[in-house]
Amino acid sequence: MADSAETRKLVYLVTGGCGFLGEHVVRMLLQREPRLYELRVFDLHLGPWLEELKTGPVQVTAIQGDVTQAHEVAAAVAGAHVVIHTAGLVDVFGRASPETIYEVNVQGTKNVIEACVQTGTRFLVYTSSMEVVGPNIKGHPFYRGNEDTPYEAIHRHPYPCSKAQAERLVLEANGRKVHGGLALVTCALRPTGIYGEGHQIMRDFYHQGLRLGGRLFRAIPASVEHSRVYVGNVAWMHVLVAQELEQRAALMGGQVYFCYDESPFKSYEDFNMEFLGPCGLRLGGTRPPGAHRLGRGPALNALLEWLLRPLLLYAPLLNPYTLAVANTTFTVSTDKAQRHFGYKPLFSWEDSRTRTIRWVQAVEGSAP
Ligand SMILES: NC(=O)c1ccc[n+]([C@@H]2O[C@H](COP(=O)([O-])OP(=O)(O)OC[C@H]3O[C@@H](n4cnc5c(N)ncnc54)[C@H](O)[C@@H]3O)[C@@H](O)[C@H]2O)c1
Ligand SMILES: CC(C)CCC[C@@H](C)[C@H]1CC[C@H]2[C@@H]3[C@H](O)C=C4C[C@@H](O)CC[C@]4(C)[C@H]3CC[C@]12C
């Protein structure tokens, strides 16, 4: 591909560009968007790795900013052709208050939309989530579903509620007139559980297993299936959407797409073992029996403690919400992204697995 000043004309902004997904989107844009002239990376916390990107042909501009501050967002958006809005507060563990989650995920997204409208930016790609659909509070399975599969999307937890509200705002903004009179074109991508290099929960499970002498304990039934998607493919889908939105505005504007690839459907724990297994961990036992199955006896307390140990070990990750999500089948099977904009996963399952294993091996010994 020619690399001349003439072909490099576009300014992209990635919000949340220093997060787990955001970093992969940033790196993917630099590799796969030959029209890129300037790449603005906007985040509350800037990563030191950005420095090494500043020596290439693309101008990489690091912007430390907060999506909840409308003026900061407007200043970052002004003059950008495309905004990829990945910034979000991903909290299903009760660390942040519901108000903060709404402020970042909903108000932050409103600020991004209004900034596009005010400054004349026409293309907005939003990172939504499968959680906008489910699993719902009734624990209904979603089995090999697609974007049109009927499902009762009812939530109470602030994270999925905020993502659903933000997604609706983005889709409703499609077609709004931006400064200069042209129409805003928006679309939303819904990743399932993302994995790959930089995945904090995978790192936590790995360190947990090391602390337990190389063992993890099964806490959810192996029969519950989850869709997972490799971070490189999620990033690739964002880049492709951003590239195709202008040409295919009528088809893609206002649409939602699940993010999918060839990763196998498995239980959350069995899937993690695809990477943690080759790094020396073992997953022990069948599902832990409930207390009701225990007989009475002098060793009851010790036995109970031993049986509940796996659950107590996972304590920071476990609450009624995460348990319900982990215990409910949610699998996606769709080709909408392929039909609408020619998406094919850039990384095969084998590549995704190998890359993730290499990354886990590299975190070995690093502080949790
Ligand atoms: N991780 C997953 O499995 C998953 C699945 C589906 C969707 N998503 C969505 O993908 C997006 C990225 O998630 P992630 O897993 O990379 O999370 P992450 O926490 O690693 O990244 C989010 C980034 O947003 C930044 N951010 C948070 N609040 C901000 C604010 N007020 N202003 C500016 N930046 C702010 C953070 O600093 C961080 O760098 C989120 O919108 C999330 O909802 C994630
Ligand atoms: C019982 C323990 C052994 C396992 C607990 C795992 C639990 C923390 C995991 C299971 C499913 C995970 C969620 C799922 O992959 C999808 C998403 C969507 C995304 O938008 C944000 C992250 C989230 C909610 C994952 C969080 C961690 C969960 C609940």
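In each ligand, atom 1 is the first atom listed, and ligand 1 is the first ligand listed. Computed over heavy atoms, backbone and side chain alike; hydrogens, waters and symmetry mates excluded.
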Sub-4.0 Å heavy-atom approach of C18 to ligand 1: yes
Per-atom contacts, ligand 1 versus Y159 - under 4.0 Å to a heavy atom: 8 (N), 42 (C), 43 (O)
May I ask you to say whether E197 pairs ionically with R358, meaning some side-chain N is under 4.0 Å from a carboxylate O? no
Which bit of Y159 is near ligand 2, meaning a heavy atom under 4.0 Å away: side chain, backbone, both or neither? side chain
Provide the number and element of each atom of ligand 1 under 4.0 Å from a heavy atom of T86. 11 (C), 12 (C), 40 (C), 41 (O)
Salt bridge or not between R339 and D335? Use side-chain N to carboxylate O under 4.0 Å. yes
What's the shortest distance from atom 15 (O) of ligand 1 to any protein heavy atom, and which residue and atom give it? F20 CD2, 3.7 Å
If you apply the rule ring pair (Phe, Tyr, Trp, His ring centres under 6.0 Å), what do you find for Y143 with F330, and how did you get there? CA-CA 6 Å; Y143 185 77; F330 196 97; over 10 Å; no
For ligand 2, which atoms, with element, lie under 4.0 Å from some heavy atom of M130? 16 (C)
Any donor-acceptor N or O pair under 3.5 Å, side chains T149, N146: yes
Quick one: does G198 get within less than 4.0 Å of ligand 1, heavy atoms only? no
Which ligand 2 atoms, with their elements, are less than 4.0 angstrom from a heavy-atom of V325? 11 (C)
The closest protein heavy-atom partner of atom 22 (C) of ligand 1 is G88 O, 3.6 Å
Return the residue, atom name and 0.1 Å-rounded distance of the protein heavy atom closest to atom 29 (C) of ligand 1. L44 CD2, 3.8 Å
Pair E147 + R190, salt bridge at N-O below 4.0 Å: no
For H226 and Y268, take the angle between the two ring planes, folded into 0 to 90°, and tell me which bin it lands in: parallel under 30, tilted 30 to 60, perpendicular over 60. perpendicular
Which ligand 2 atoms are under 4.0 Å away from a heavy-atom of S129? 18 (C), 19 (C), 20 (O)
V90: numbered ligand 2 atoms lying under 4.0 Å from its heavy atoms: 21 (C)
Contact partition for K163 relative to ligand 1, non-hydrogen atoms under 4.0 Å: side chain
Ion pair check, E262 and K344, cut-off under 4.0 Å: no
Passing candidate, ring pair (Phe, Tyr, Trp, His ring centres under 6.0 Å) with Y195, options W359, F205, F275: F275
Can you name the atoms of ligand 2, numbered from 1 with element, that are less than 4.0 Å from a heavy atom of E269? 3 (C)
Is it true that C259 lies under 4.0 Å from ligand 1, counting heavy atoms only? no
Any idea which protein heavy atom is nearest atom 4 (C) of ligand 1, and the distance to it? I194 CD1, 3.5 Å
I need the contact type for L21 against ligand 1. Using non-hydrogen atoms and a strict under-4.0 Å cut-off, is it side chain, backbone, both or neither? both
Backbone, side chain, both or neither: what part of R228 comes under 4.0 angstrom of ligand 2, heavy atoms only? neither
Between E38 and R40 (salt bridge meaning N to carboxylate O under 4.0 Å), is one present in this structure? yes
Under a 4.0 Å N-O cut-off, is there an ion pair linking R218 with D270? yes
Which is closest to atom 23 (C) of ligand 1 by heavy-atom distance: S129, G16, A166, G65? G16
Can you pull out the closest protein heavy atom to atom 6 (C) of ligand 1? Residue, atom name and distance to 0.1 Å, please. P191 O, 3.4 Å
Measuring centre to centre across the rings, with the benzene-like ring taken for any Trp, is W349 within less than 6.0 Å of F271? yes
Could you tell me whether ligand 1 has any atom less than 4.0 Å away from a heavy atom of V234? no
Does some side-chain heavy atom of I84 sit less than 4.5 Å from a side-chain heavy atom of L13? no
For atom 7 (C) of ligand 1, what's the nearest protein heavy-atom neighbour? Residue, atom name and distance, please. S128 O, 3.1 Å
Check for me whether L89 has a heavy atom closer than 4.0 Å to any atom of ligand 1. no
Just checking H85 against Y126, ring centres under 6.0 Å apart? yes
Atom 37 (O) of ligand 1: the protein heavy-atom neighbour that sits closest, reported with distance to 0.1 Å: D43 OD1, 2.6 Å
Any idea which atoms of ligand 2 are less than 4.0 Å away from a heavy-atom of L318? 1 (C), 2 (C)
Charged N-O contact under 4.0 Å between E152 and K138: yes
Specify side chain, backbone, both or neither for T192, according to which of its non-hydrogen atoms lie closer than 4.0 Å to ligand 1. backbone
Lys/Arg N to Asp/Glu carboxylate O, E103 vs K110, below 4.0 Å: no
Under-4.0 Å heavy-atom contact with ligand 2, by part of K163 that carries it: neither
With a cutoff of 4.0 Å, is Y195 in contact with ligand 1, counting heavy atoms of the residue only? no
Once you measure the plane-to-plane angle for F20 and H24, does it fall in the parallel (<30°), tilted (30-60°) or perpendicular (>60°) bin? perpendicular
Close side-chain approach of V224 and T328, heavy atoms under 4.5 Å: no
How does I201 reach ligand 2, if at all, at less than 4.0 Å between non-hydrogen atoms: by side chain, backbone, both, or neither? side chain
Nearest to atom 13 (O) of ligand 1, what protein heavy atom do you find, and at what distance? V90 CG2, 3.6 Å
Ligand 1 contact on V104 by region, counting heavy-atom pairs under 4.0 Å: side chain
Are N174 and L184 close enough that some pair of their side-chain heavy atoms sits under 4.5 Å apart? no
